[in-house]
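Please read the structure below before turning to the comments.
Sequence positions, counted from 1, serve as the residue numbers for this chain. Computed from a predicted structure; not experimentally measured.
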Amino acid sequence: MTRTTPRARAGAMATCLAALSFPMLAMAANVAAAMADMGDSAALMMADSTAAAADFATEAAAAVGPITTVEIATRKTRSSVALGKADMQKILPGINPLKALHTLPGVSFQTADPWGNNEQNLSLFVHGFSGQQLGYTLDGVPLGDQQYGNYNGLSPQRAVISENVSSVILSSGAGDLATASTSNLGGTIETFSADPLATRGATVQQTVGSNHTSRSYARFDTGSFGDGSSAYLSAIHHEARAWDFEGRQGGNQLNAKYVNRADAGKLTVFFNYSDKIEPNEDSTVHVAGEKSAPYTRPFLYPDFAAALAYLSPTGATPAADGNNYSNYYSDAQRTDYLTYAKYEANLSDAATWSNQVYYHHDDGVGVVAGPIGVAGLPGLFSVYYPNQNLKQVFGNSGYATRTTEYAINRAGLLSTVRLELGEHQVQAGLWLEHNRSEAYRRWYALDVNHPSSPYDRPSNPLITQYGSEINNKVAQLHLQDEWRVRPDLALQAGFKSSLQFADGSFPVQPAKGAIANGSPALPVGEIITKKWFLPQAGARWDISAQNQLFVNVQKNLRQFVTYGGGGASPWSLASQQAFDLFKATAKPETSVTYEAGLRSNRALPTGPVTAIDSQISLYHVDFKDRLLQISPTPVLLAIIGGNPVLANVGSVKTDGIDLSATLHFGRGFSFYDALSYNHSTYSDNYSNGAAIVPTAGKSVPGSPEWMNKFVATATVADTEFQLMGDYVGKRYATYTNDLSVPSYFLLGLGVSGKLPFLNGGVVKNARYRVNVSNLLDREGSLNVVVGAADKTYNTFPIAPRQAFFTVMADF
């Protein structure tokens, strides 16, 4: 799976271990000193006060100086860390906020392109939970569960231009009770857009680089005007070629934001438009005992002559390619409109009331143009065109174009009241959303004389295989109280209620024989889920001005997925009987997360290390009622539609530890390191209908146990250098752990500085940035796609070395 030599691998591991050892020793010493400070009061293990928290934050800011890698939240009863705009953009200008989080402990993020924009092959794990089991928001607005088959949201990079992100916060394990999400089993990721600047001006930025990259960014700020108003308008145009085939990633995005600040309150209005096309890439299929497998599985587009020659006269793919046959092209087309208005009213010195309304519309399509003779398609097409020449029916090319066409129309309200009642800070809130989503599966001819393009939306379908429409209403309430017991101790307790009212229908049902098991129709009906009491309790204790201890326990729920025709959704079951059984017996997934940790910030008056910022967090998770799609032939059924079984298959136990530290060597050098260990195992076996699958005691596949990341930053004169290391350990690739992929270690480089010769006149703050990913040009398995109990899995490869150059200036 990798071409690196044993010596190179040993060298990479040595580099990784050396990188983590020094800061982790410093962390251990710091923790020991803190524990010594605690003395007999260790039993309290919790705290906060306004004065102590202010001292903590002030000292942290002074110690950090101009270099900040991670900001550790000091007022939370749970593990919460943040990345600011500057540190995100240092990784690569235009980066997806989710990919930027990969530098944090406990986070595993992979995708095909260097920005993290491609959603089809995106992989995200936090403490053993997959990306669809986390909660996501932008400025409080829910972004759904990030399924590639969109039904209830959109990705952060489509919701806001990356360069306009002010910060992204990861709460790994227990999110805020107010988070508007129905999927946050494993924590929350909150993205925040930057406010307008008080000074009038403009910023332009241009990135060029490997694979014909061009990313153009511009922003105009009005500065303050009227009575406390300010606004900005911003746009990007992005283009890049896929590194291993002729696929063009690109699109346009527009942001506008208006803010009015007054004594009575703050009004914010935000608008986002995103129109993008991402080339998808097929994953490589691996089987037990294989002798070889292709490293990449590129598409044949735009060489249509080669595509025609690739197939036999009947449309069959080469037998030698097996499941790793080539498609002609595939892509994801997404157009989104997202807007919100928020008013934060100052009712009194002790009371605020925030109200926010939002609306999101998505029009999207996932497209695959592939051979008609694979994955059971001849049988499917024969249902609609019996006893006909299928090659002629689909344009005589041997290919057909399949689409899944999405629509989302959702609107919502968020309302939160905060009260200061003596030593109590009380918060109560409500989230309401109504979402109407659609998913239509259609098939189109690929005409041999007029071949289609992945950059145009198909029209005039031959087959509409099915069409689903789901109305979903969500209500979430929360109430919490933070009690300042004494100046250094705070207790927090609260609960939330999660209610979902989902009603699905199929205006277009498949023809008889066009779905699994010969079922006559896909299911329709309503499922109502009400969980009134999901509690949370936590505490903070300022041990000293430099050390803070936190503990937290929280129960979370993941509501059923409301998507028709595919995925782990009740409306994707193969029959009405299966749906009715699921409705009567299945339970939503739940988790209880226990966290305890220590945050520390110390300025050191002597020695080369001038300050240390650090956090250690230990956690345990009980994850119950895990839902699993059980299918004997998942590839076939993904094309034909309908899951035979979706069932609760038991529990998962997770234990882990995250350690992170930043060592500051004056103002010229800092070293950040994040080490994490996660052990997530299944507690139960399950039945696939024919046999018992032995998963009890097996590790959750796709999620590495060990990870380590480091960032070394040095400033010499006006030039900053950053070396970034990323070690991801072995990952299992099946539910029974019979197959796995090896670890990898990647390095990245960033260099930035000023361009003084451009400054002067209207040009200000001209600067440049150089970024190099995969500096040592390693190969290996980047993503693991898990879909089977044993004997097979899929992977996406590590991209080769790529370099980018960015110039930016203010006006």
Using side-chain heavy atoms (C-beta onward) and a distance below 4.5 Å, is [X] in contact with [Y]?
| X | Y | result |
| --- | --- | --- |
| Glu589 | Arg626 | yes |
| Asn280 | Tyr148 | yes |
| Asp503 | Val524 | no |
| Thr464 | Tyr440 | yes |
| Ser80 | Ile169 | yes |
| Leu380 | Gln465 | yes |
| Leu499 | Trp532 | yes |
| Ser569 | Phe560 | no |

Quick one: [atom1] on [X] to [atom2] on [Y], what's the gap to the nearest 0.5 Å?
| X | Y | atom1 | atom2 | result |
| --- | --- | --- | --- | --- |
| Ser468 | Gln509 | OG | CD | 10.0 Å |
| Leu413 | Trp431 | CG | CH2 | 11.5 Å |
| Tyr682 | Phe623 | OH | CZ | 8.5 Å |
| Thr654 | Asp622 | OG1 | CG | 8.5 Å |
| Asn355 | Ser415 | CG | OG | 3.5 Å |
| Thr111 | Asn96 | OG1 | CG | 8.5 Å |

Holding to salt bridge (charged side-chain N to carboxylate O under 4.0 Å, His left out), I want the full list of residues that pass it with [X], two or more places apart in sequence or in another chain.
| X | result |
| --- | --- |
| Lys555 | none |
| Arg248 | none |
| Glu278 | Lys276 |
| Arg158 | Glu119, Asp336, Asp362 |

For the student: nearest non-hydrogen atoms of [X] and [Y], plus distance:
| X | Y | value |
| --- | --- | --- |
| Gln157 | Asn117 | NE2-O, 3.2 Å |
| Val168 | Met88 | CG1-SD, 3.8 Å |
| Phe125 | Pro701 | CZ-O, 3.8 Å |
| Gly564 | Ser572 | C-OG, 3.9 Å |
| Ile630 | Ser687 | CD1-O, 3.6 Å |
| Ala100 | Ile95 | N-CD1, 3.9 Å |

* Only pairs at least two apart or in different chains count here, so list each salt bridge (Lys or Arg N to Asp or Glu O under 4.0 Å) that has a residue in residues 565-579. =>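 Every candidate salt bridge (Lys or Arg N to Asp or Glu O under 4.0 Å) pair involving residues 565-579 fails, so no pair, neighbours aside, qualifies.
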* **Summary of salt bridge (Lys or Arg N to Asp or Glu O under 4.0 Å) pairs that have at least one residue in residues 458-470, sequence neighbours excluded** =>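 Listed by first then second residue: Arg436-Glu469.
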* Can the ring centroids of Trp571 and Phe579 be said to lie less than 6.0 angstrom from one another? ->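 Yes, they do, as the ring centres are separated by less than 6.0 Å.
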* Asked: Do Trp443 and Phe381 have ring centroids that are under 6.0 Å from one another?
  ->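 Yes, ring centres under 6.0 Å apart.
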Under a 3.5 Å cutoff, is there a donor and acceptor pairing between the side chains of [X] and [Y]?
| X | Y | answer |
| --- | --- | --- |
| Asp282 | Asn327 | yes |
| Tyr151 | Asn435 | no |
| Ser193 | Asp139 | yes |
| Asn471 | His434 | yes |
| Tyr328 | Thr401 | no |
| Ser123 | Asn783 | no |
| Gln249 | Asp113 | yes |

For [X], check side-chain contact (heavy atoms from CB on, under 4.5 Å) against everything at least two apart and list the hits.
| X | result |
| --- | --- |
| Asn272 | Gln253, Asn255, Phe270, Ser274, Leu338 |
| Leu430 | Leu432, Leu477 |
| Ser591 | Phe129, Leu185, Asn556, Thr593, Val621 |

* Worked check of side chain to side chain donor-acceptor pair (under 3.5 Å) between Asn150 and Tyr563 -> CA-CA 8 Å; Asn150 288 177; Tyr563 176 76; over 6 Å; no
Quick one: list whatever passes side-chain hydrogen bond (donor to acceptor under 3.5 Å, both in side chains) with [X], sequence neighbours left out.
| X | value |
| --- | --- |
| Gln120 | none |
| Gln576 | Asp580 |
| His237 | Glu239, Asn252 |

Taking the side chain from [X] and the backbone from [Y], do they hold a donor-acceptor pair closer than 3.5 Å?
| X | Y | answer |
| --- | --- | --- |
| Lys257 | Thr268 | no |
| Thr529 | Gln500 | no |
| Gln146 | Leu143 | yes |

* Asp145/Ser183 under side chain to side chain donor-acceptor pair (under 3.5 Å): CA gap, chis, key distance, verdict -> CA-CA 6 Å; Asp145 69 359; Ser183 57; 5.3 Å; no
* **Verdict with supporting geometry, Thr137 and Thr188, side-chain contact (heavy atoms from CB on, under 4.5 Å)** => CA-CA 8 Å; Thr137 62; Thr188 60; over 6 Å; no
* Asked: Going through the checks in order, is the side-chain contact (heavy atoms from CB on, under 4.5 Å) test met by Phe501 and Lys530?
  -> CA-CA 9 Å; Phe501 308 82; Lys530 299 177 182 178; 3.8 Å; yes
* Go through Asn184 and Thr179 one step at a time and tell me if the side chain to side chain donor-acceptor pair (under 3.5 Å) criterion holds. => CA-CA 9 Å; Asn184 58 325; Thr179 301; 5.1 Å; no
* Can you tell me if OH on Tyr455 sees more than 12 non-hydrogen neighbours from other groups inside 6.0 Å? ->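 It does: Tyr455 OH has more than 12 such atoms within range.
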* Sole candidate of Arg457, Arg334, Gln333 that passes side chain to side chain donor-acceptor pair (under 3.5 Å) when paired with Asp363 ->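 Result: among Arg457, Arg334, Gln333, Arg457 is the only option passing the side chain to side chain donor-acceptor pair (under 3.5 Å) with Asp363.
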